Asker: 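Here it is, the structure, as structure tokens.
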Amino acid sequence: MEFMGYRRPDGSVGIRNHVLVIPTVVCANQVARGISQNVKGTVWVEHQHGCSQLAPDAAQTARVFIGHGTNPNVFGVVVVGLGCEVVRAQDVAAEIKKQCPYKPVHCVIIQDAGGSYKAITEGAIEAHKMVEQASLLSREPIDISELILGTECGGSDACSGLSANPALGEASDLLIDAGGTSILSETPELIGAEHIIARRAINEDVANRCYATIKAFEDSANAIGVDMRGGNPTPGNIEGGLSSIEEKSLGCVYKGGTRPLVDVIGYAEKITKKGLIYMDTPGNDIEQLTGMAAGGCHICVFTTGRGTPTGSAIVPTIKVASNTAMYNKMKDNIDINAGTIVDGEETIQQVGRRILEEMVRVASGKLTKAEILGHNDFGIQRIGPTL
């Protein structure tokens, strides 16, 4: 099976050809937005980070920026900084260029440019050039084995573990069988199901890291004197029929299918292996999606029972409904209905095949509902306090 993608000079593959405008500090958000809004064909993100961060947080924030800039779905990058922040725009731009020498990368410093208007003008001129260059590239046939899938669930309900999640697991298995890669994440939503994932590990080291990662997440909540079960499942999950984090986890884990677990990696770390990978992320939808995009995933399939509009600026996000009632109610946001499994009209295997086929169409250029709506959700996981 093949899709039509963009082959990059270093051999990597993109399914989109975005020019990304990314601020390295919250103070640069409005200039980044101004640049993108002046140049058709660009996308941008906003966030609350980049300054007053301790070293571990600053390093993680920078890794997220660099990961987005180096994601193969991105053709070129305009990095915008204020000039006095902890996470320096110059360093982020230099690292993107170091890892991807073929990409056009331009750095705008607002204080050096002489203020917002001049910084927007400088960035818009460079972004304009990148969009023009990007428009000259053509798609070509690429084997599905090069596709990296990010899996996600949000706004889960009692049907999620019966229909949408196992169907996504089936699509994940089909992709891995074809030689591709699939990412399972959402650490807090694996609590209570860690033994199911760990026993599929390819060796003892991977199994031990799986257990340790999930335990560390719960321990971090206990260390500040709170029980994470007070925030998860959410009120919406409970209204949808879920009773506990363990029950939610047993449904969540279905997204990872049944194939062997080959590696466990940290938040926003680069995805380098084939097969099923577990990335340590929060359960928060936006922070999780941002981490997988920074790791290099091409496409995300997002299952939901309650309904969600979420979408990444650079990673096409396909929504899968767990029940027909919600699908009919939120067709503006939802791409696929897996509620047909609960309705008795299709099997998990049939919907899994439909998800895979939709992934190929989207990888070849079809827009997801979130892309049509222009969603550019972006959130970075915090480790420690803000200074």
Side-chain angles (χ1 to χ4, degrees), residues 149-177 180-202 206-218 228-229 231-234 237-238 240-265 267 271 275-285 287-289 291-292 295 297 300-306 308 320-323 338 341-342 348-349 351-352 355-356:
L149 164 68
T151 68
E152 183 166 5
C153 61
S156 299
D157 71 349
C159 292
S160 295
L162 302 174
S163 57
N165 287 355
L168 176 52
E170 173 73 13
S172 173
D173 284 351
L174 291 171
L175 177 63
I176 291 172
D177 291 347
T181 302
S182 180
I183 311 302
L184 178 67
S185 56
E186 299 182 282
T187 298
E189 296 175 16
L190 295 177
I191 293 173
E194 51 268 69
H195 60 293
I196 297 173
I197 295 297
R199 72 186 178 200
R200 287 161 47 192
I202 58 170
V206 173
N208 289 339
R209 284 191 283 134
C210 181
Y211 278 120
T213 301
I214 295 170
K215 183 176 185 303
F217 201 103
E218 187 166 22
M228 60 163 291
R229 289 165 178 79
N232 210 335
T234 66
N237 294 149
I238 295 170
L242 292 173
S243 63
S244 66
I245 185 61
E246 290 81 5
E247 183 182 30
K248 189 174 180 180
S249 296
L250 292 172
C252 172
V253 75
Y254 274 117
K255 303 195 308 293
T258 62
R259 298 303 181 255
L261 178 69
V262 301
D263 201 4
V264 179
I265 62 176
Y267 183 75
I271 300 157
L276 180 65
I277 311 292
Y278 162 32
M279 176 183 284
D280 180 20
T281 76
N284 177 276
D285 298 338
E287 293 182 1
Q288 182 210 356
L289 181 57
M292 293 193 297
C297 82
C300 180
V301 175
F302 189 135
T303 66
T304 179
R306 306 286 292 171
T308 175
V320 180
S322 73
N323 63 86
I341 297 170
V342 179
I348 290 171
Q349 290 71 31
V351 177
I355 292 173
L356 183 71

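Since the structure is predicted, the reported quantities are computational estimates derived from the model, not experimental observations.
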Asker: Ignoring hydrogens and geometry, is there a side-chain-to-backbone donor-acceptor pair from E194 to A212 under 3.5 Å?
Answerer: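 Judged by distance alone, no pair lies under 3.5 Å.
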Asker: Is the backbone of E186 close enough, under 3.5 Å, to the side chain of T281 for a donor and an acceptor to pair up by distance?
Answerer: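 Yes, because the side chain of T281 sits within donor-acceptor range (under 3.5 Å) of the backbone of E186.
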Asker: Under a 3.5 Å distance rule, please check whether S156 uses its side chain to pair with a backbone N or O of G305 as donor and acceptor.
Answerer: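 No, the answer is negative, given that no donor and acceptor are paired below the 3.5 Å cut-off.
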Asker: So, do M279 and C297 sit near enough that their side-chain heavy atoms are less than 4.5 Å apart?
Answerer: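 Contact flag for M279/C297 side chains = no.
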Asker: Less than 4.5 Å apart, any side-chain heavy atom of E170 and any of V351?
Answerer: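 E170 vs V351: side chains apart.
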Asker: List the atom of Y254, the atom of P166, and the distance in Å for their closest heavy-atom pair.
Answerer: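 The answer is CB-N, 3.7 Å.
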Asker: With sequence neighbours excluded, tell me which residues meet side-chain hydrogen bond (donor to acceptor under 3.5 Å, both in side chains) with N165.
Answerer: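 For N165, the residues satisfying side-chain hydrogen bond (donor to acceptor under 3.5 Å, both in side chains) (neighbours in sequence not counted) are T303.
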Asker: Is any side-chain heavy atom of V301 closer than 4.5 Å to a side-chain heavy atom of K255?
Answerer: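 The answer is no; the side chains never approach within 4.5 Å.
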Asker: Any side-chain to backbone donor/acceptor pair from T213 onto R209? Under 3.5 Å, distance only.
Answerer: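 Yes; at least one donor-acceptor contact below 3.5 Å.
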Asker: Can you find a pair of side-chain heavy atoms, one from L190 and one from F217, that are under 4.5 Å apart?
Answerer: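 When only atoms from C-beta onward are counted, F217 and L190 do not touch, as no gap falls below 4.5 Å.
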Asker: Going through the distances and angles, do D280 and Y267 end up as a side-chain contact (heavy atoms from CB on, under 4.5 Å)?
Answerer: CA-CA 5 Å; D280 180 20; Y267 183 75; 5.6 Å; no
Asker: Report the residues that fulfil side-chain hydrogen bond (donor to acceptor under 3.5 Å, both in side chains) with N208, sequence neighbours left out, ordered by chain and then residue number.
Answerer: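 If we apply the side-chain hydrogen bond (donor to acceptor under 3.5 Å, both in side chains) test to N208, skipping adjacent residues, there are no hits.
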